[in-house]
Structures are given as C-alpha cells and as structure tokens.
There are 2 protein chains.
Amino acid sequence: MSTDASTGWAERAQETLAAAGHRRGGARRALLELLDGQECALTAQEIEDALRPRGSARGQGGRRRVVSRASVYRILDELEQLRLVQRVETGQAMVRYERVSEHDEHHHHLVCDECGVVMPFSDAGLERAIKTLSERVPLAVSEHEIVLHGSCQDCCAA
Amino acid sequence: MSTDASTGWAERAQETLAAAGHRRGGARRALLELLDGQECALTAQEIEDALRPRGSARGQGGRRRVVSRASVYRILDELEQLRLVQRVETGQAMVRYERVSEHDEHHHHLVCDECGVVMPFSDAGLERAIKTLSERVPLAVSEHEIVLHGSCQDCCAA
DNA sequence: TTTACTGCAAATTATTTGCACGGTT
DNA sequence: AACCGTGCAAATAATTTGCAGTAAA
C-alpha cells in the first residue's frame with residue numbers, strides 16, 4: 001500500500017485479479033511487470049516484442065518467456081475490464097494500452113503524425129475544464145481521453 | 001440556396017477536390033452530400049448503409065446508387081488528406097468520420113459505453129484550455145480530439 | 001484433482017488494393 | 001480519346017477464438 005505509485009500498481013493489479021478469481025500465470029505476471037515499468041502507452045505488438053526473450057535477465061527473476069499474442073490481447077482485455085489498464089486510441093493503426101494509476105495524476109497524449117512518436121503530457125487547467133464540463137453534459141462521465149496531433153520537434157526541424 | 005456553414009461545406013469540398021485535380025464521380029458526390037447533412041460522425045458501415053438505395057428513387061433528385069465499400073474508404077481517405085474530413089476514434093470497433101467545417105465551432109464527442117451512442121458537444125472553456133496548453137507542449141499541434149466516455153441518460157435510467 | 005492459463009493456429013472483421021469497365025473532361 | 005473514378009472480389013493486418021496441453025490451487 002505504501003511505496004510509490006508505480007510500484008503499487010502491479011501489486012494492486014495482482015490483488016484485484018486474485019479477487020476476481022484469477023490465478024497467477026506466467027504470461028500475466030510478465031505483462032504486469034512490463035506495463036508497470038512503462039511511462040506511456042504501448043501497442044500489443046510492442047508488448048509482444050518486449051516480452052520476447054532477448055539477451056537475458058532484467059529485473060530480479062529475469063526468466064523471460066515468450067508470451068503469445070493471444071495472451072497479450074486476452075490479458076489486456078481482462079485488465080481493461082477491471083479498469084487496471086486503459087486503451088489509448090492515437091489514430092495510428094494499432095490501439096495502445098497503458099496502466100491506470102490510482103495515485104498518479106493521469107496523463108494524455110501527444111502524437112506526431114509524421115514519425116508516429118507518442119508522448120505523455122498532463123495539464124491541470126485542462127483537467128479542470130474537463131471536470132467542469134463533465135457535469136454539464138448529458139452523460140455520466142467515467143473516463144476521458146485527449147489526444148493532440150501535430151509534428152514533434154525532431155520532425156519540425158528535419 | 002442558403003449560405004449557412006453546413007451548406008458551404010460540400011461546395012468547398014467540391015472546389016478543393018477540383019483544385020486537387022479530381023473529377024466528379026457519382027460516389028463521391030453522394031458521399032459529400034451525405035456527410036454534409038450529418039451533425040455527427042459516422043462509421044464507414046453507416047455511410048455505406050445510408051447510401052444504399054432504399055426503395056426506389058425518392059423524389060426526383062434522389063437518383064440513388066449503390067456505393068461500394070471500397071469507394072467509401074477511398075473517398076474518405078482523400079477527404080481526410082485534404083482536411084475536409086476528420087477521423088474520430090471512439091474506442092468502438094470502427095473508426096468514425098465527419099466533415100470538418102471552417103466556420104462552425106468544431107465539436108468533440110460523448111460516447112456511451114453501454115449502448116454505443118455518440119453525441120457531439122462543444123465547450124469554450126475546454127477549447128481555451130487546449131489552446132493555451134498547445135503552446136507549452138513539445139509538439140506543433142495541428143489537431144486535437146477529445147472523447148468523454150460514460151453512460152448516457154437512457155442507459156443510466158434503465 | 002480441478003479448473004484456470006497459455007500457446008498455436010485457424011477464424012473474424014475492418015480496411016486496403018488490383019483490376020477492368022464506365023463516366024467525366 | 002485520355003484517364004480518373006468506381007464496383008467487385010481478393011488481399012491485408014489487427015484482434016479474437018477454439019482447442020489441447022501445462023500449471024496453479
């Protein structure tokens with residue numbers, strides 16, 4: 001419970017999963033560990049690649065295994081339904097996923113339409129505006145997603 | 001012929017297309033006409049269905065034709081590249097498309113995660129916040145998209 | 001033992017593309 | 001006549017699902 005927000009996520013996720021009656025499979029554990037360490041959203045493809053055994057041991061156990069694409073999607077779906085993971089639609093071909101923290105201020109995304117890089121950002125004024133308008137709208141708002149498109153600095157320079 | 005913003009769109013689109021060296025095909029005309037009359041974003045499927053000939057020609061001008069799915073996507077893509085149409089990612093299975101008006105205040109979207117209904121909304125405070133933060137971010141922002149998820153009034157009542 | 005978890009491969013489904021014909025200029 | 005626009009059907013590519021073996025509890 002203590003510890004910092006990001007470390008807490010994998011733990012909380014594990015507890016939530018257990019409470020929902022899930023066991024502790026290797027693929028799920030590897031995926032939780034990976035997502036917990038990410039600062040921003042990943043595609044299923046990136047996740048699969050990251051979980052593919054390259055070199056070895058990173059982290060304590062370091063016993064990397066191949067995790068099938070099917071498991072990646074299945075687990076991501078479970079996590080999304082439990083609100084532990086959030087989908088991020090960047091307008092690129094593939095959907096992205098990232099962990100949902102209880103403690104951290106959530107962030108939104110900047111997408112460079114030229115090179116495809118995705119960066120997180122957060123803004124208090126924006127959140128305030130969202131919160132205010134959420135109460136004036138004909139919808140019981142549970143989530144919101146904001147994506148800014150444009151050209152990143154590298155692409156502008158080039 | 002009124003001169004309101006929505007009527008102007010199809011006209012402007014037509015001019016822009018002509019300037020880009022396009023001819024006037026029937027499918028494209030039908031699609032422009034349809035999009036021009038919409039208040040909110042449609043999926044390719046909805047567009048295809050809407051362009052499917054219902055009963056026989058309704059009224060004299062209604063010379064309905066079938067527009068193939070391939071054309072719908074192709075035309076939507078052209079229009080998007082010319083910035084006449086904008087993609088809207090609602091987190092539902094299919095992407096949505098809507099016209100981009102020069103005059104109208106652009107809007108954003110409310111999505112009911114239960115029944116799937118999509119509604120437009122706009123908010124000056126939100127736009128202001130976006131504009132302000134766009135200048136403080138490491139991206140030359142060209143577009144932004146905001147989607148609020150939740151439960152619509154009908155679903156909350158049910 | 002019981003039942004969930006996982007990998008593999010086949011199945012789905014939205015979107016794209018190749019090709020030949022018909023329409024626009 | 002020249003060539004773009006369109007429909008059709010096949011091709012892609014991301015995501016899902018059926019099945020059988022493996023591993024938690």
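As the structure is a prediction and not an experimental result, all values here were calculated from the model. Naming: A, B, ... by sequence-line order, numbering from 1 per chain.
Comparing B:Asp77 and B:Gly25, the nucleotide of DNA chain C nearest to each residue sits closer to the 5' end for B:Asp77. Nearest-nucleotide assignment on DNA chain C puts the 5′-proximal partner with B:Met94, out of B:Arg23 and B:Met94.
For A:Trp9 against A:Leu84, the heavy-atom pair with the smallest separation is NE1-O, 3.1 Å.
Taking atom OH of B:Tyr97 as the reference point, atom C1' of C:dT16 lies 11 Å away to the nearest angstrom. If you measure from atom NE2 of A:His22 to atom P of C:dT3, you get 16 Å, rounded to the nearest angstrom. To the nearest angstrom, P of D:dA25 lies 11 Å from CZ of A:Arg28. B:Gln14 places its CD atom 17 Å from the P atom of D:dC4, with the value rounded to the nearest Å. One interatomic measurement links the two molecules: CG of A:Leu79 to P of C:dC5, which rounds to 12 Å at whole-angstrom precision.
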Check: protein-nucleotides 17-19 of chain D nitrogen or oxygen pairs below 3.5 Å:
from: D:dG18; atom 1: O6; to: A:Arg74; atom 2: NH1; distance (Å): 3.4

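Under the 4.0 Å criterion applied to side-chain N and carboxylate O atoms, A:Glu48 and A:Arg52 are assigned as salt-bridge partners. For the pair A:Glu143 and A:Arg83, the salt-bridge criterion is met [side-chain N within less than 4.0 Å of a carboxylate O]. A salt bridge does not link A:Arg87 with A:Glu145: none of the charged nitrogens is closer than 4.0 Å to a carboxylate oxygen.
Nucleic acid contact for B:Arg24: sugar-phosphate only, since backbone atoms but no base atoms lie under 4.0 Å from a heavy atom of the residue.
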